[in-house]
Trainee: 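Take this structure, written in structure tokens, and hold onto it; I'll ask about it next.
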Amino acid sequence: MSAAPSKMLATLNVNGRDVTLAFLPHATLLEVLREELRLTGTKHGCELGQCGACTVLVDGAPVLSCLTLAADTIDRPITSVEGIAVADALHPVQRAFLDLGAAQCGYCTPGFIVAAVHLLERTTSPSETEIREALAGHLCRCTGYTKIVEAVALAGQRMRATTHG
Amino acid sequence: MLRLPAFEFRPVRSVEDAAALLSEYGSDALPVAGGTDLYANMKLGLFTPRVVVGLRSIAELRRMHFDPAHGLRLGALCSLDSIARDPAVLLHYPALATAAAMVGTPEIRSMGTIGGNLCLETRCTYYNQSADWRKALGYCLKRDGDLCRVALHSPTCKAINASDTAPVMQAYDARISLVGPHGARVVAARDFFSNDGAHATVRQSDEILAEIALPPPPRGARSSYRKLRLRNAFDFPLLGVAVAVATNEAGACTQARVLLGAVGSAPIEVEGAGALLLGSHFAAATLADAAEEVFRAGKPLENANASLLYRKRMLRVLAQRALEDVAAPLR
Amino acid sequence: MGNNGARSTEGRVVGAALPRIDGYAKVTGAALFADDMAFPRMLFGRLLRSPHAHARILSIDYEKALRLPGVVAIATGRDLPVRYGILPSTQDETVFAIEKVRYVGEPVAGIVAEDERTAQRAAALIEVRYEALPSVMSIDDALRDLTENGEKIHPESRKSNNVHKDVHLTFGDIEAGFADADRVFDDEYFFEGNTHAALEEHSAVAICGADGKLTLWSSTQTPHYLHRVAAAVLEMPASRIRIIAPPIGGGFGGKTEPVAHELAAAYFARATGRPVKFTLTREEIFYTHRGRHPVRIHLQTGVKNDGTITACRLQTWLDGGAFGSYGVATTYYTGALLPVTYKMGAYAFDGCRVYTNKPPCGPKRGHGTTQPRYAFESQLDDIANALGLDAGAYRAAIAVVPYSRTINHLRVTSCGIREALSAVAERTDYGAKHGKLAPGRGIGLAASAYLCGAGLPIYWNPMPHSGAVVKVDRGGGVTVFCGTSDCGQGSQNMLAAIVAETLGVDILDVSVCAGDTDLTPVDLGSYSSRVTFMAGNAARSAALEVRERIAAAAAAELGIAPERCAFASGRIFDRDEPDRALAFVDAARAAEARCGTLVGVGSYTPPADLHGDFKGSGVGPSPAYSYSACVAEVEVDFETGEVRVDRIVLAHDCGRALNPSIVEGQIEGSAYMGMGEALMEESAFRDDLHRIPNLLDYKTPTMLDTPSIEAIVIETEELEGPYGAKEAGEGPLNPVIPAIANAVADAIGARIFATPIVPERVLQALDGTTGPLRLRAPVAARTA
């Protein structure tokens with residue numbers, strides 16, 4: 001028990017780039033992103049899958065990085081909030097959060113943003129109910145969710161305008 | 001931050017490999033699929049396996065297939081989300097779609113699998129706590145202690161089977177395939193859940209839940225799942241009621257199963273309620289009598305996030321509503 | 001003061017819903033919160049916590065833990081014996097328990113190790129022997145006479161039993177007031193405790209150089225108070241300690257006082273010479289707490305038949321938990337602000353706070369005013385119904401008027417309560433709906449008032465409550481330095497907006513350096529909704545000082561009188577002849593050439609005449625009060641008792657909205673948080689333990705439980721506020737809970753006298769049963 005288990009060497013695909021690094025076999029993806037790769041945009045609010053703050057995309061789907069083993073994400077593309085903006089341009093979801101004041105303390109924001117990006121990849125015209133259902137796994141204590149729902153709708157609207165306009 | 005205890009992670013690509021590993025390490029190994037239940041419990045110190053066998057890459061367990069003659073076959077790794085959205089499930093097994101859609105949150109449904117939900121560890125307000133909390137309490141029968149905190153004189157653990165899909169599977173009379181080092185066995189859902197809070201299911205430590213088979217929907221099938229919870233996301237059921245019935249041309253009930261979830265350590269089939277429905281035309285009085293049977297059958301304890309009095313009272317309400325769900329289109 | 005500024009016509013910043021300046025970093029994940037920081041050779045800390053609610057510590061043996069490879073240092077109470085507490089009158093805490101533990105979860109020892117897992121393993125190896133003492137887990141327990149074997153939670157306390165503080169205040173002739181009343185309403189309520197549950201888990205990182213200078217980053221709403229306490233506890237000069245508040249991931253009052261892990265981080269950094277980080281787990285945050293006090297309330301109100309309040313007597317009993325925290329202030333606050341909303345002929349207030357063996361309660365959004373407000377607005381609704389009055393019109397009729405004094409001598413200035421009441425009533429058609437909706441549907445209304453900062457500081461001193469420095473760079477960039485801490489409410493943006501407006505520059509040309517005790521002048525912190533008013537005024541003063549110098553230099557360049565200089569759009573121009581203009585950057589350079597380094601300073605001290613002259617008069621006074629009104633519409637399931645909130649409309653008088661989008665966000669968040677407290681959030685205990693110390697079982701509303709909230713910004717001109725602003729961070733929470741309670745009463749035709757209004761309580765009220773269904777409530781919830 002006292003002998004520290006040795007780290008494993010593996011390649012993860014994070015935000016479009018392969019990175020080879022060493023981590024503990026029992027490290028969560030949350031720990032590896034934050035502590036090994038210093039991608040601290042992904043947050044933790046409960047460590048037990050009860051708040052949604054640590055959400056990232058794995059294989060394009062939102063997962064709770066606090067309950068995902070990093071070793072179980074080898075060969076699967078991982079997108080954290082740092083990978084959402086394209087070059088120096090904010091993603092429409094980020095822009096809408098900014099424009100409408102949907103981020104207050106900003107701590108739940110990265111989780112909301114990656115989940116909202118995932119939703120809008122499936123449909124850019126979600127109803128309010130669809131937005132609320134898709135993001136129901138994310139707690140926010142600041143906003144009352146109102147501006148978050150509005151921001152996701154606005155982002156979808158802007159994405160539609162770009163695609164069809 | 002809470003972290004996982006040390007273990008060795010062994011991802012596998014086939015059921016056979018999984019069974020072999022589990023067999024090799026015995027009780028030192030645990031299988032993991034979505035991880036939403038197991039890893040949270042491990043962070044609380046409830047499990048400290050030496051080896052965790054990762055099932056995620058077993059492609060054959062991701063299959064979902066429906067045909068009217070044979071029914072629905074669900075690979076254990078099908079995500080709850082994929083089940084909740086599947087057109088055949090929505091059409092033929094709506095209570096399963098409802099139950100799957102009501103688990104946790106979108107992230108948990110996307111990570112979590114049907115096999116994992118059926119093997120969900122039983123829950124209790126004295127058990128799902130950190131190691132320090134349980135130590136302060138003096139532990140309990142389910143883990144590290146010798147006393148059930150809920151029922152002080154109980155020789156067995158009273159933790160709750162809080163799976164949303166478990167009562168539904170039993171209502172549909174599902175068959176569950178378990179694969180072990182010596183081959184496969186098929187267990188009826190009603191025999192799969194052991195009524196002991198300490199051991200949620202009869203799955204042996206070297207077995208993998210591989211597949212769930214649901215019989216083809218009988219003629220005039222109707223089903224419903226109702227869940228009691230305080231919030232519309234995240235929450236485990238405080239109570240669940242699943243009802244599945246079949247009817248003949250005349251609208252009379254030819255088959256009925258009423259199941260209670262999140263009350264006991266296993267889903268509870270209320271046979272009296274089913275018997276009342278059989279042959280009936282779902283008259284209001286029949287439904288009320290059946291709901292009364294459910295009310296009598298369920299005996300909640302003080303081990304969830306609402307008082308036992310409230311949960312007891314809600315048995316009738318939820319049962320009544322679930323029964324009306326299946327009766328309404330027939331009236 | 002002359003610095004508050006008339007409504008500006010030249011500005012483009014104040015009043016505009018611009019994106020907040022800290023938003024860019026927050027939507028990209030670039031914002032660095034305390035736990036996001038890491039340093040080479042950093043150690044990780046863990047706290048060993050008490051498994052007992054009340055026990056004597058007989059011995060602590062950590063030799064075995066110290067021998068665990070990777071463990072670097074361990075400390076216990078003996079190593080840090082200095083007592084501290086946020087209020088000078090209640091210095092009752094130590095970093096680690098000494099002699100006694102007083103709640104499950106109280107820190108007993110600290111460990112630092114090379115990694116967090118090792119620190120955690122070491123904690124489990126520390127052997128502590130305890131002698132258990134009887135625990136005190138409720139108000140009733142705490143008031144009970146101590147038998148021979150009973151021991152006070154704080155044996156040194158001079159109060160009887162486990163009383164921490166009692167307060168008795170009377171204003172006017174209370175007996176005559178009741179004698180004069182046509183009807184007297186007499187009710188008891190119980191407001192359950194709850195917690196902030198800010199999403200960020202508290203974290204502190206400390207480094208200590210070989211020069212003995214210590215730097216501590218902490219998720220604190222009050223860096224200045226942490227600075228003072230750290231100096232006292234570490235017994236080192238404050239001049240060698242630097243506190244930095246990085247962005248805070250939500251506070252709501254939960255990060256307003258120094259707590260063990262911050263001081264432990266600082267201690268171990270000094271002891272080991274290595275960087276040290278302590279980050280709490282969610283469960284530990286439930287133990288750190290400082291959340292909403294459970295309060296039992298006895299409220300008697302005498303009214304004339306027209307509803308005029310002739311007398312009001314309020315008694316409160318607060319369950320304080322194991323330590324003082326802000327509790328003395330909380331106790332006063334349960335009584336101080338009722339008269340700020342409505343006129344009363346006479347007012348008597350008795351408050352009593354007790355110690356119990358639970359995590360310490362403290363301030364949460366609405367600090368102490370939320371619980372009596374729930375009771376008062378509930379009773380006011382019953383009064384209106386009994387007298388056949390429209391609840392909205394009735395409240396407007398008895399509301400305080402602008403520029404008046406309350407019965408408890410508080411000075412009221414601007415007051416938009418009537419506008420707020422009519423806005424929510426009109427938007428929802430309240431008058432046509434109340435009492436007339438289908439069974440199971442209900443509509444409720446309530447109003448409230450709140451502070452814009454406390455008139456007096458927590459520790460007595462004659463210095464300003466806020467200071468600010470504005471510096472202009474030769475490149476035209478402006479930096480404002482101020483000791484504020486941004487916990488998400490938008491204080492960084494507020495400072496930038498005020499300075500940008502005053503200097504007529506783009507808000508993105510203003511940088512904010514905040515919450516750094518080495519670099520920024522003191523601001524007392526982000527509590528009691530003081531920052532916009534106080535730090536805003538200080539920043540405005542500082543910017544005006546710079547502006548005056550720039551105006552003088554620009555005037556000389558432009559050949560006009562300085563009074564004619566207008567500042568807007570990055571230019572300084574002649575008010576009368578706008579084409580005569582100079583770029584801001586050129587004017588700034590000219591000013592620097594004329595007067596030297598371009599820095600302005602500003603301070604804010606509240607006026608001295610805000611309150612009466614009696615013991616306890618220091619709690620309640622504020623330079624201004626915000627006013628709110630709320631209407632909630634609910635649907636109640638008669639079979640399950642579930643309450644669904646379909647609509648919340650909340651109007652809030654914030655003075656002038658510096659950024660309407662941020663004000664709306666504060667209103668929406670307040671409505672949400674109030675709704676959670678009304679319906680589901682509660683600090684629940686069983687067997688001496690917090691029963692639900694996690695975010696699955698402690699229920700905070702999700703998106704699917706929350707309606708889209710309609711915020712209405714009511715603007716009044718607050719002459720003493722910066723650009724006319726007041727507050728928006730806390731006040732809007734207060735009317736939400738009674739509005740929902742009143743809506744439920746309307747829906748079910750019965751009053752529920754306790755929070756949260758969980759389904760069980762609704763069914764109990766519908767049944768007309770008495771007695772608590774949930775036995776853990778200290779006071780039997782009475783049903784009408």
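Naming convention: chains lettered A, B, ... in sequence-line order (proteins, then strands); numbering from 1 in each chain.
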Trainee: Please classify the contact between B:Ala40 and chain A as side chain, backbone, both or neither, with a heavy-atom cut-off of under 4.5 Å.
Mentor: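 For B:Ala40, backbone and side chain are both near chain A.
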Trainee: May I ask you to decide if the ring planes of A:Tyr107 and A:His44 are parallel, tilted or perpendicular, using 30° and 60° as cut-offs?
Mentor: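 It falls in the perpendicular class, over 60°.
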Trainee: For each of A:Thr68, A:Asp72, A:Thr55, A:Val63, tally heavy-atom pairs with chain B at distances under 4.5 Å, and name the one with the top tally.
Mentor: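 Of the candidates given, the most pairs with chain B belong to A:Asp72.
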Trainee: Would you call B:Arg321-B:Asp325 a salt bridge at under 4.0 Å N-O?
Mentor: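 Judged by the 4.0 Å cut-off on N to carboxylate O distance, B:Arg321 and B:Asp325 do not form a salt bridge.
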Trainee: Which of the residues A:Cys46, A:Gly52, A:Pro25, A:Pro62 is involved in the greatest number of heavy-atom pairs with chain B at under 4.5 angstrom?
Mentor: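 Greatest number of close heavy-atom pairs with chain B: A:Pro62.
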Trainee: Would B:Glu302 and B:Lys158 pass as an ion pair if we require N to O under 4.0 Å?
Mentor: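 Salt bridge flag = no for B:Lys158 with B:Glu302.
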Trainee: With a 4.5 angstrom heavy-atom cut-off, which part of B:Phe234 approaches chain A: side chain, backbone, both or neither?
Mentor: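 It is the side chain, since no backbone atom gets that close.
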Trainee: With A:Leu29 as reference, evaluate A:Ser65, A:Cys66, A:Cys54 under the side-chain contact (heavy atoms from CB on, under 4.5 Å) test and give the passing residue.
Mentor: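 Result: among A:Ser65, A:Cys66, A:Cys54, A:Ser65 is the only option passing the side-chain contact (heavy atoms from CB on, under 4.5 Å) with A:Leu29.
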Trainee: Counting only heavy atoms closer than 4.5 Å, note whether A:Arg132 contacts chain B via side chain, backbone, both or neither.
Mentor: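 Nothing of A:Arg132, per the 4.5 Å heavy-atom cut-off to chain B.
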Trainee: Determine, for B:Arg109 against B:Asp164, whether the closest basic-nitrogen to carboxylate-oxygen distance falls under 4.0 angstrom.
Mentor: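 B:Asp164 and B:Arg109: not salt-bridged.
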Trainee: By a 4.5 Å heavy-atom criterion (distance strictly below it), what part of A:His118 contacts chain B: side chain, backbone, both, or neither?
Mentor: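 No part of it gets close to chain B.
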Trainee: Quick one: what part of A:Ala134 sits under 4.5 Å from any heavy atom of chain B, side chain, backbone, both or neither?
Mentor: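 Only the backbone of A:Ala134 comes within 4.5 Å of chain B.
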Trainee: Which bit of A:Cys51 is near chain B, if near means a heavy-atom gap under 4.5 Å: side chain, backbone, both or neither?
Mentor: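 For A:Cys51, backbone heavy atoms alone lie under 4.5 Å from chain B.
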Trainee: Would A:Arg38 and A:Glu82 pass as an ion pair if we require N to O under 4.0 Å?
Mentor: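 A:Glu82 and A:Arg38: not salt-bridged.
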Trainee: Which bit of B:Met111 comes within less than 4.5 Å of chain A, counting heavy atoms only: side chain, backbone, both or neither?
Mentor: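 Contact with chain A involves the side chain of B:Met111 alone.
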Trainee: Between A:Leu135, A:Leu139, A:Val58, which shows the greatest number of heavy-atom pairs under 4.5 Å with chain B?
Mentor: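 Heavy-atom pair counts peak at A:Leu139.
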Trainee: Identify whether the distance between the nearest side-chain nitrogen and carboxylate oxygen of B:Asp28 and B:Arg50 falls below 4.0 Å.
Mentor: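 Yes.
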Trainee: Would you call A:Glu31-B:Arg3 a salt bridge at under 4.0 Å N-O?
Mentor: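 Salt bridge present between A:Glu31 and B:Arg3.
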Trainee: Under a 4.5 Å heavy-atom cutoff, which of A:Leu48, A:Leu30, A:Leu69 has the most pairs with chain B?
Mentor: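 Among the listed options, the one with the most contacts to chain B is A:Leu69.
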